[in-house]
Trainee: 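Dropping the structure in here first, questions after.
A quick note: this is a predicted structure, and the numbers were derived from the prediction, not measured.
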Amino acid sequence: MEYDFRNLESKWRKNWQDRGTYHVHEDTTKPKYYVLDMFPYPSGAGLHVGHPLGYIASDIYARYKRLQGFNVLHPMGYDSFGLPAEQYAIQTGQHPAVTTEENIARYRQQLDQIGFSFDWSREVRTSSPEYYKWTQWIFKQLFDCYYDLKSNKAERIPALIQHFESVGNAAVQAVTDCEEQFSAEQWNSFSAQKKEEIIQSYRLAYLAESWVNWCPALGTVLANDEIVNGVSERGGHPVEQKRMRQWSMRIKAYAERLLEGLDRIDWSDSIKEQQRNWIGKSQGASLIFAIENSSETIEVFTTRPDTIFGVSFMVLAPEHPLVNQLVHPTHKDAVAAYQRDASLKSERDRQADVKNISGQALGAYALHPFTGERIPIWIGDYVLASYGTGAVMAVPCGDQRDYDFATHFQLEIKNIFADIDISEQAYTEKDAVIANSDFLNGLSAKSAMKKAIEAIEAKGIGKGKTNFRLRDAVFSRQRYWGEPFPISYTDEIPTLILDEFLPIELPEVDKYLPTEDGEPPLARAKKEAWNHFEGDRMEFNTMPGWAGSSWYFLRYMDPKNEKEFVSKEKVAYWQNVDLYIGGSEHATGHLLYSRFWTKFLFDQGYIPFDEPFAKLINQGMILGKSALAFLDEQGNMHSYDTIANDLSKYREVRILIDLIQDDESIDLDALRKWQPQFEAMNFVTNAQGKIIVKREVDKMSKRWYNVVTPDDLCEKYGADTLRMYEMFLGPLEQSKPWDTKGITGVHGFLKKYWRLFHPNGQFEVSEGQASKQAMKTLHKTIKRLRDDLDRYAFNTGVSSFMICVNELSEQKCNNRHVLTQLSILMAPYAPHITEEIWSKLSNDDSSIFDQSYPVFDEEFLKESDFEYPVSFNGKMRFKVSLNLELTPKEIEEHVLNMPESQKYLEGKTPKKIVIVPGRIVNFVI
RNA sequence: GCGGAUGUGGUGAAAUUGGUAGACACGCCAGACUUAGGAUCUGGUGCCGAGAGGUGUGCGGGUUCGAGUCCCUCCAUCCGCACCA
């Protein structure tokens, strides 16, 4: 019987579906295990071989855990709101829901053919109203909460209002942008509008006028993590700073906890480090400087309060609000000119132009808080308006940028470090002894910092402070294809829509473009188009892509619940995700936002944990091998091997990799048909009459013509082969190029496995006891697999199976026990073939996935002898098989007496003999 | 510039605590069976060398009886951050 993978695989996929093999239910008698993949955005291009890599790994792990007796939750869904469907809608007028539906169908078909154990009855789609009803609901909770610094968690707004009504806001310790202090009487006299404005500055989801990243090409604002190198992550369009009234999330309130939580989760160092960078905690002090002849003060943030006596000037950001008030009349024109120049530079230019030192004196002076010295105030664009207070106290001896600025403008450089030479550059290490600093003299930086902060606080001119780089996240997008907000406006005051009217569904619009006066697409919706309408108008913005993905892992636990986003019982059973697999590109987006929402839901008592993903693995990218051909100036194509020495004269063209044959030459007939430009092309072939291509590794993408899809491979070799080959390529985390050639090795292995059961063409296993040798092979494999999977090494697992099958083939073993155990071991990797084998072995209708995982027994591995490698000066020379019971002394004697040893000793007496029983023998001569 | 990761055959890679470097595959070479082979099987394959032997995990050094593995210096590639006060 042949290994007929086509029939066998489709048969079992249908069978699993009919039997509901992968449906899971809460079962408190079993320990739970939650394996999750980052759900995909269903794009029109479909899946290439890189996409399923992580899904295959998680599927293997999920099945492995199941066989070990865990109740495994392993769901899948779609992150189905997003820009591409909307861009397509703008071009074609096709509703994005239609495109999305089609793409999902295609994804599903592609996923199905790989044989995953997803419980599809739990599928979620972020764009379905049943799902986004709860995204809206969570938004409402965020809107209705503020961050209380006393309890160190999110608390409800009504409690805050009560405080305001009874005692004002002085006693409230909360994370807020509100700078105003008011008493209870004042609060009670405020207008409704004013009250809401103040409350907005406390809400965790809030509406505020703020500087946002506006992307004109996409017609929407973007969050910081959606901008890479100054351009939009999607499409690479320019982004500008604009002041707009937008929804934001007060993620800053959670900065400290987001940082602290990293220590409790098993993620890669690189992702943790990226999150730490992004959060950007720095400790120091805020400090107020008085200004000569002015009642204004300048607040600065510094991480080096110990260097306070080294301050010799101050620098404000050109945009700093005090600049215009402080500037001396004689400097007015120069300052205005500098401000104008700075404003013309984009954020990006300012970042790129680090070398050029520029600045302008204001002609005004601050007063040193301890010495009373006059300190000149400058503006300079190396100071950012958006970080800290937009002002720095410059200490040139301890900060290189201040040093460069001082040198450039010939400002004073005070040396406050004992025995440190600062004639060439600033001394930025924190290990010098402080000098010339009054009460800080003789102290180390660390104790000086403490003492300086004490003195600053005692004087009432500042306090110790922690600053974060993390900005609040803009939460609204001026787009159509996203979640509508559960918000209406009356007199431009935002009001929440009651739960009973949720979901607020996306209304129909005539076009998916902004209105003529620049309002977002939803402004086009007629009043009747909304399923619920109140107030003067509904919110026109929609939520960003990360809204739905921040909590989807919770919905899988209870996907059909119409009363709650997830029931307390279910979330108490499933808890957080045990293993999460996905790409590292979400380091500072999705992965940070989900952590934020999880902590918030935890604070409010909806879920019993505050970190969503206990272990995270970032799979590496599968790269494509592009095929390059070379054209000369006349447009003739040359074979790469004939011109490899001098490529400079030739123009590269990328050829569809499907047209490349095994010997790296192009199928010229197919090429002529592929694109018109090749139809009449002249080919300058090599001696064999071929056009050889050069290979180059690129990202796998349609534009490089190097895409390999799982469809073709499943058709040609079967899903089990594809699954194993993807794992066989190398460690999951590593990026690696795809080379289809190697797949035959894995396919051949599966055939060899099949032949173990069909030694004479017919299914035939022998009963009775297995040979000692076969048991050793089996248990060696059990141990390896267990160890490999426990450290998520999926690649070495495949090798272990190959070794096992090679050995059993050699032993001509078809013992029922051995082959059954091997099949269960292999089932997570190759579910179809092993299920087929199981059906033949068991003769009942049970599934191999309801069996239990083989248990390793050391007994079978015990050996009486060991083949010792014998080394001389660390170089292995020969081997000798010796009984493991021998003592080191006995080993030494035996080996020394061997003629081979005498040869390598050359008559000398060894200086030292190292014997590690069961390991090695080494002579030092 | 700062931080993180990675460097092993022609290729993908393995070597879990320092103990036989290159397992397992691809490719290549030779052979068997076959009308045929892109099927299957057998043998070989790090490099230099006819051989004995030498040499070998990015470079250079160190610790050790013994280093791919530990330590130091440097180089290369990839990723992240980048005037963060």
Side-chain angles (χ1 to χ4, degrees), chain A residues 2 228-229 268-278 280-282 284 300-304 307 314-315 317 350-355 357 380-384 386-395 398-402 404-405 467-469 584-585 587-588 618 620-621 625 661-662 695 725 728-731 733-746 748-749 751-752 755 784 787-788 790-791 793 795-804 806 809 867-879 910-916 918-925:
Chain A
E2 280 292 296
V228 177
N229 295 327
S268 73
D269 289 341
S270 113
I271 295 269
K272 285 189 185 183
E273 203 51 39
Q274 281 181 54
Q275 292 213 343
R276 285 195 191 103
N277 268 333
W278 192 258
K281 179 180 182 173
S282 50
V300 300
F301 173 74
T302 177
T303 53
R304 297 292 304 270
T307 62
M314 293 186 81
V315 188
R350 264 170 79 165
Q351 279 175 18
D353 196 12
V354 184
K355 300 269 142 48
I357 296 162
D381 67 8
Y382 82 93
V383 177
L384 305 173
S386 59
Y387 183 76
T389 60
V392 302
M393 57 173 227
V395 183
D399 182 289
Q400 193 58 44
R401 289 154 307 162
D402 295 346
D404 294 341
F405 195 86
N467 226 359
F468 293 97
R469 203 177 70 100
S584 57
E585 65 273 22
T588 51
N618 298 113
M621 211 191 299
K625 274 191 172 176
Q661 304 168 102
D662 282 351
R695 291 288 192 163
Y725 185 55
F728 188 64
L729 284 178
E733 297 93 328
Q734 229 167 74
S735 288
K736 53 237 158 188
W738 178 269
D739 186 357
T740 301
K741 274 184 194 160
I743 202 168
T744 54
V746 173
F749 152 74
K751 285 193 199 163
K752 202 164 173 180
R755 276 201 303 277
R784 275 190 191 155
D787 294 352
D788 289 345
D790 286 347
R791 65 192 169 103
N795 53 326
T796 47
V798 181
S799 312
S800 301
F801 290 131
M802 290 175 168
I803 294 168
C804 180
N806 286 347
S809 300
E867 193 171 39
Y868 282 91
V870 181
S871 303
F872 294 80
N873 287 338
K875 284 197 173 76
M876 206 277 288
R877 294 301 181 179
F878 62 88
K879 291 175 191 174
K911 282 186 203 143
K912 189 171 178 182
I913 303 169
V914 182
I915 293 173
V916 185
R919 285 263 190 208
I920 198 170
V921 177
N922 188 23
F923 293 100
V924 186
I925 45 176

Trainee: Just call it for A/Asn795: base, sugar-phosphate, or nothing, with non-hydrogen atoms closer than 4.0 Å on any strand.
Mentor: sugar-phosphate
Trainee: Quick check for you: among B/rG19, B/rA14, B/rA85, whose closest atom lies nearest to any side-chain atom of A/Pro731?
Mentor: B/rA14
Trainee: Using only atom types and a distance under 3.5 Å, with no angle test, would you say the side chain of A/Tyr868 pairs donor to acceptor with the backbone of A/Gly918?
Mentor: yes
Trainee: Would you measure the distance from the P atom in B/rG3 across to the matching atom in B/rG18 and give it in whole Å?
Mentor: 27 Å
Trainee: Between A/Asn618 and B/rC79, is there a side-chain N or O to OP1/OP2 distance below 4.0 Å?
Mentor: no
Trainee: Which of these nucleotides, B/rC83, B/rG19, B/rU40, is closest to any side-chain atom of A/Arg755?
Mentor: B/rU40
Trainee: Nearest whole Å is fine: how far is B/rC41 P from A/Phe749 CZ?
Mentor: 13 Å
Trainee: Taking a pair as Watson-Crick (N1 to N3 plus N6-O4 or O6-N4) or G-U wobble (N1-O2 and O6-N3), both under 3.5 Å, which stems of 3 or more consecutive pairs involve RNA chain B?
Mentor: B:1-7 with B:75-81, B:10-12 with B:24-26, B:27-32 with B:40-45, B:46-48 with B:53-55, B:60-62 with B:70-72
Trainee: Is it true that a side-chain atom of A/Asn467 and a backbone atom of A/Ser282 form a donor plus acceptor pair closer than 3.5 Å?
Mentor: no
Trainee: At 4.0 Å (heavy atoms only), tell me whether A/Asp739 reaches a base, stays on the sugar-phosphate, or touches nothing.
Mentor: nothing
Trainee: Could you give the distance separating B/rU57 and B/rC47 at their P atoms, to the nearest angstrom?
Mentor: 15 Å
Trainee: Measuring from the side chain of A/Ile920 (C-beta onward, heavy atoms only), which nucleotide among B/rG19, B/rA25, B/rA13 has the closest atom?
Mentor: B/rG19
Trainee: Output the single nucleotide from B/rG27, B/rG80, B/rC24 whose closest atom is nearest the side chain of A/Gln274.
Mentor: B/rG80
Trainee: Tell me, please, which residues at least two apart from A/Ile920 pass side-chain contact (heavy atoms from CB on, under 4.5 Å).
Mentor: A/Pro869, A/Ser871, A/Val916
Trainee: Can you work out whether A/Val746 or A/Ser735 has the more 5'-proximal nearest nucleotide on RNA chain B?
Mentor: A/Ser735
Trainee: For B/rU40, does OP1 or OP2 lie under 4.0 Å from any side-chain N or O of A/Lys751?
Mentor: yes
Trainee: State which of B/rA85, B/rA23, B/rC81 makes the closest approach to the side chain of A/Trp278.
Mentor: B/rC81
Trainee: Taking the minimum atom-to-atom distance to the side chain of A/Arg401, which one of B/rC26, B/rA25, B/rA85 wins?
Mentor: B/rA85
Trainee: Rounded to whole angstrom, note down the P distance from B/rU40 over to B/rC48.
Mentor: 31 Å
Trainee: Grab the CD1-C1' distance between A/Ile271 and B/rG3 for me, whole Å please.
Mentor: 14 Å
Trainee: Within the structure, does a side-chain N or O atom of A/Arg469 lie under 4.0 Å from either OP1 or OP2 of B/rA82?
Mentor: yes
Trainee: Report yes if a side-chain nitrogen or oxygen of A/Ser799 is closer than 4.0 Å to either non-bridging phosphate oxygen (OP1 or OP2) of B/rA13; otherwise report no.
Mentor: no
Trainee: Just how far, in rounded Å, is P of B/rA14 from CG of A/Leu729?
Mentor: 11 Å
Trainee: Quick one: does A/Asn277 reach the base of B/rC81 with a side-chain donor-acceptor pair under 3.5 Å?
Mentor: no
Trainee: Compare the minimum distances between each of B/rC26, B/rA14, B/rC24 and the side chain of A/Thr796, then state the nucleotide with the smallest one.
Mentor: B/rA14
Trainee: Heavy atoms under 4.0 Å, any strand shown: does A/Asp787 hit a base, just sugar-phosphate, or nothing?
Mentor: base
Trainee: Determine, stepwise, if the pair A/Arg304 / A/Asp399 fulfils side chain to side chain contact (heavy atoms under 4.5 Å, CB included).
Mentor: CA-CA 10 Å; A/Arg304 297 292 304 270; A/Asp399 182 289; over 6 Å; no
Trainee: Toward the 5' end of RNA chain B, which comes first, A/Gly742 or A/Val924, by nearest nucleotide?
Mentor: A/Gly742
Trainee: Expressed as a whole number of Å, how far does the P atom of B/rA52 sit from that of B/rG60?
Mentor: 28 Å
Trainee: Heavy atoms under 4.0 Å, any strand shown: does A/Asn467 hit a base, just sugar-phosphate, or nothing?
Mentor: nothing
Trainee: Before giving the answer on side chain to side chain donor-acceptor pair (under 3.5 Å), spell out for A/Asp404 and A/Gln400 the whole-Å C-alpha distance, their side-chain angles and the decisive distance to 0.1 Å.
Mentor: CA-CA 6 Å; A/Asp404 294 341; A/Gln400 193 58 44; 3.0 Å; yes
Trainee: Considering only side-chain heavy atoms of A/Arg791, which listed nucleotide, B/rA15, B/rC26, B/rG3, is closest?
Mentor: B/rA15
Trainee: Nearest to the A/Leu384 side chain among B/rA5, B/rC84, B/rC24, which nucleotide is it?
Mentor: B/rC84
Trainee: Counting only side-chain heavy atoms from C-beta out, which of B/rC65, B/rC24, B/rU17 sits nearest to A/Arg919?
Mentor: B/rU17
Trainee: Could you walk me through whether A/Trp738 and A/Lys625 pass the side chain to side chain contact (heavy atoms under 4.5 Å, CB included) test, one step at a time?
Mentor: CA-CA 7 Å; A/Trp738 178 269; A/Lys625 274 191 172 176; over 6 Å; no
Trainee: Rounding to an integer number of angstrom, what distance separates B/rC59 and B/rC74 when you compare their C1' atoms?
Mentor: 7 Å
Trainee: Looking only at the side chains, is there a donor atom on one of A/Lys912 and A/Asn922 sitting less than 3.5 Å from an acceptor on the other?
Mentor: no
Trainee: When rounded to the nearest Å, what value does the distance between P atoms of B/rA14 and B/rA85 take?
Mentor: 40 Å
Trainee: Should A/Gln734 be listed as having a side-chain N or O under 4.0 Å from OP1 or OP2 of B/rA13?
Mentor: yes
